[in-house]
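Remarks on the structure that follows.
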Amino acid sequence: MHLSDILNHLGENRKNYFNAVSPPIIQSSNFVFDNLEDFRKAFADEMGSTLYTRGNNPTVAILRKKLAALEKAEDCLVFGSGASANAMAILSQVHQGAHIVCVNNSYSWTFKMLTEYLPKFGVTHTFVDGTNLEEIEAAIQPNTTLLFLESPTSIVLDLQDLKACAAIAKKHGIITAIDNSYASPIFQRPIEHGIDIVIHSGTKYLNGHSDVVVGVVCSSKEIIEKMFYSEFMTLGAIISPNDAMLVIRGLRTLELRMKRVHESGMKITSFLEKHPKIEKVNYPFSPNSPQYDLAKKQMDGAGGLFSLYIKTDSLEKAEAFFHRLKRFSLAVSWGGHESLVLPFCGFYNIPGQEDPTLPFNLVRFYIGLEDPDWLIEDLKQALEVL
Ligand SMILES: *Cc1c(COP(=O)(O)O)cnc(C)c1O
């Protein structure tokens, strides 16, 4: 199906609601039945019925159709956050005593799920360098059930070879899952490379307007159906119909927004790489990246996220660079219309916490939808402080 069809029409049966272009927000927790026969039918197939909004809601169902089609998946489930989507996908693939192989530099709450939460249930893990296929394969144990990827990762932007990882996992009979938030399905569709489960923080590009927290898990009918009756219904981390409508609205411009952040990201990183005060830029689509060929092989473009090391060995100078930036807001998260900066010097000297292992001259940027030249002007004047 054509991308334009998915974003503009798929799942929208307009005849059912007065031919309205914009789908209705079915703000109802509950759905009534005309008779016992329909009631019994719904209970025989709760996943395929509209019975209660924790399971199915018609507005959320429109969103699910679009998201599954975008990822070339058979089905998908939508969760109340990206963190819960990651947690549910992981929970769906482990049992007591299972082992997970996960790449280094994964999202912070995925890391916590593996290191602090799952050990309570006897689920262990090994972290591996995702750029090293031999290390990944060597970490697989007889009780390994899941290989968890995130490509590119969201701070240092390192990639894994998705096809090769899927092949290793298949050889050992284990499931692969990936956090695909960075690239969005516009630039990377891991199922095409043999990955089993694709996860998104839809808070980022899928919604794209910094006003909804949402997560997505896409996979085969079999895996999604199992998740529906297990993690999805028992843990109940759903989104509201209103938020589903906001994400449907966000998707209308997904392709357009991704094109914009790719073009701006290319322009801005190429300016920064040539700047004498910049040590190194981490950006998968930079021709200087050691993973440039891999990026071009498995991705159709880059997101607006990148990081860099400024040339300084002074924390004060790193702070001064940050203070000079006027057109980037200081914040976590990314994927909205607004450009952001996350300076790692800000994680130093937090009362009651150890300083991070990542250096203070590391700065992560997110390029939003603003004019790239306007952003470059700001970077140029801020770098003069160094
Ligand atoms: C933000 C983020 C998440 C978590 O998503 P939430 O919607 O904030 O819960 C997961 N993975 C990556 C890569 C992220 O950037």
Side-chain angles (χ1 to χ4, degrees), residues 60 63 67 71 76-91 100 102-117 127 130 146 148-160 162 177-188 190 195 197-218 231-232 235-240 243-244 246-247 250-251 254 257-258 261 265 282-284 299 302-307 329 331-342 344 347 358 364-368:
V60 179
L63 176 61
L67 295 170
E71 280 294 358
C76 90
L77 290 171
V78 177
F79 293 89
S81 69
S84 82
N86 271 320
M88 304 293 178
I90 293 170
L91 283 174
I100 300 166
C102 179
V103 295
N104 287 336
N105 311 318
S106 61
Y107 181 67
S108 51
W109 293 97
T110 306
F111 180 85
K112 279 220 175 181
M113 177 80 187
L114 297 187
T115 55
E116 290 179 26
Y117 199 87
F127 289 112
L146 178 65
F148 196 92
L149 311 174
E150 185 179 323
S151 184
T153 56
S154 64
I155 305 287
V156 290
L157 293 300
D158 51 341
L159 318 183
Q160 298 104 54
L162 302 188
I178 184 170
D179 184 330
N180 196 34
S181 304
Y182 173 93
S184 92
I186 301 298
F187 289 156
Q188 181 167 268
I195 301 294
I197 302 175
V198 180
I199 303 149
H200 283 279
S201 168
T203 312
K204 312 297 163 51
Y205 291 127
L206 298 177
N207 180 57
H209 291 74
S210 306
D211 50 12
V212 176
V213 176
V214 58
V216 181
V217 177
C218 298
E231 291 76 23
F232 189 73
L235 299 172
I238 61 166
I239 61 163
S240 70
D243 282 355
L246 285 170
V247 183
L251 288 180
L254 178 66
R257 289 185 283 109
M258 294 312 293
V261 296
N282 298 316
Y283 181 66
M299 299 167 74
L305 209 54
F306 65 86
S307 61
S329 304
V332 298
S333 195
W334 48 275
H337 53 89
E338 75 288 12
S339 289
L340 301 172
V341 57
L342 188 66
F344 275 72
F347 291 110
L358 289 163
R364 185 182 81 176
F365 285 94
Y366 170 68
I367 303 301

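This chain uses plain numbering: 1 for the first residue, then up along the sequence. Worth saying up front: this structure is predicted, and the values here are computed from it rather than measured. Only heavy atoms go into these numbers, but all of them, side chains included; no hydrogens, no water, no symmetry mates. First listed ligand is number 1; within each ligand, the first listed atom is number 1.
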Using a strict 4.0 Å cut-off to heavy atoms of [X], name the atoms of ligand 1 that fall inside it.
{"X": "Asn86", "answer": "10 (C), 11 (N)"}
{"X": "Asp179", "answer": "10 (C), 11 (N), 12 (C), 13 (C)"}
{"X": "Ala83", "answer": "4 (C), 5 (O), 6 (P), 9 (O)"}
{"X": "Thr203", "answer": "6 (P), 7 (O)"}
{"X": "Trp334", "answer": "15 (O)"}

**Distance-only donor-acceptor check, side chains Glu338 and Ser210, under 3.5 Å** = yes

**Message:** Could you check whether atom CZ of Phe111 has more than 12 heavy atoms from other residues, nucleotides or ligands sitting under 6.0 Å from it?
**Reply:** no

**Prompt:** Is Ser84 close to ligand 1, meaning an N/O of one under 3.5 Å from an N/O of the other?
**Reply:** no

**Asked** Checking Tyr182 side chain against Gly303 main chain: does a donor-acceptor pair fall under 3.5 Å?
**Response** yes

**Asked** Is a donor on one side and an acceptor on the other found under 3.5 Å between the side chain of Thr153 and the backbone of Asp158?
**Response**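 Flag set: sc Thr153 to bb Asp158 pair under 3.5 Å.
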
**Request:** Evaluate the side-chain proximity of Phe79 to Ile199: yes if any heavy-atom separation is below 4.5 Å, no if none is.
**Result:**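 They are not in contact (no side-chain heavy atoms under 4.5 Å apart), so the answer is no.
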
**Val78 side chain reached by Ile238 side chain, heavy atoms, under 4.5 Å** =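 Answer no - side chains too far apart.
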
**Asked** Under 4.0 Å from ligand 1, counting heavy atoms only, is it the side chain of Thr153, its backbone, both or neither?
**Response** neither

**Request:** Counting heavy atoms only, name the option from Gly82, Ala85, Pro152 that's nearest to atom 6 (P) of ligand 1.
**Result:**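 When every heavy atom of Gly82, Ala85, Pro152 is considered, Gly82 comes closest to atom 6 (P) of ligand 1.
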
**Request:** Show the numbers, then the answer: is there a ring-ring contact (aromatic ring centres under 6.0 Å, His included) between Trp334 and Tyr205?
**Result:** CA-CA 8 Å; Trp334 48 275; Tyr205 291 127; 5.3 Å; yes

**Item:** atom 1 (C) of ligand 1 - nearest protein heavy atom and its distance
**Value:** Lys204 NZ, 1.5 Å

**Request:** Starting from atom 5 (O) of ligand 1, locate the nearest protein heavy atom and write down its residue, its atom name and how far away it is, to 0.1 Å.
**Result:** Ser201 OG, 2.9 Å

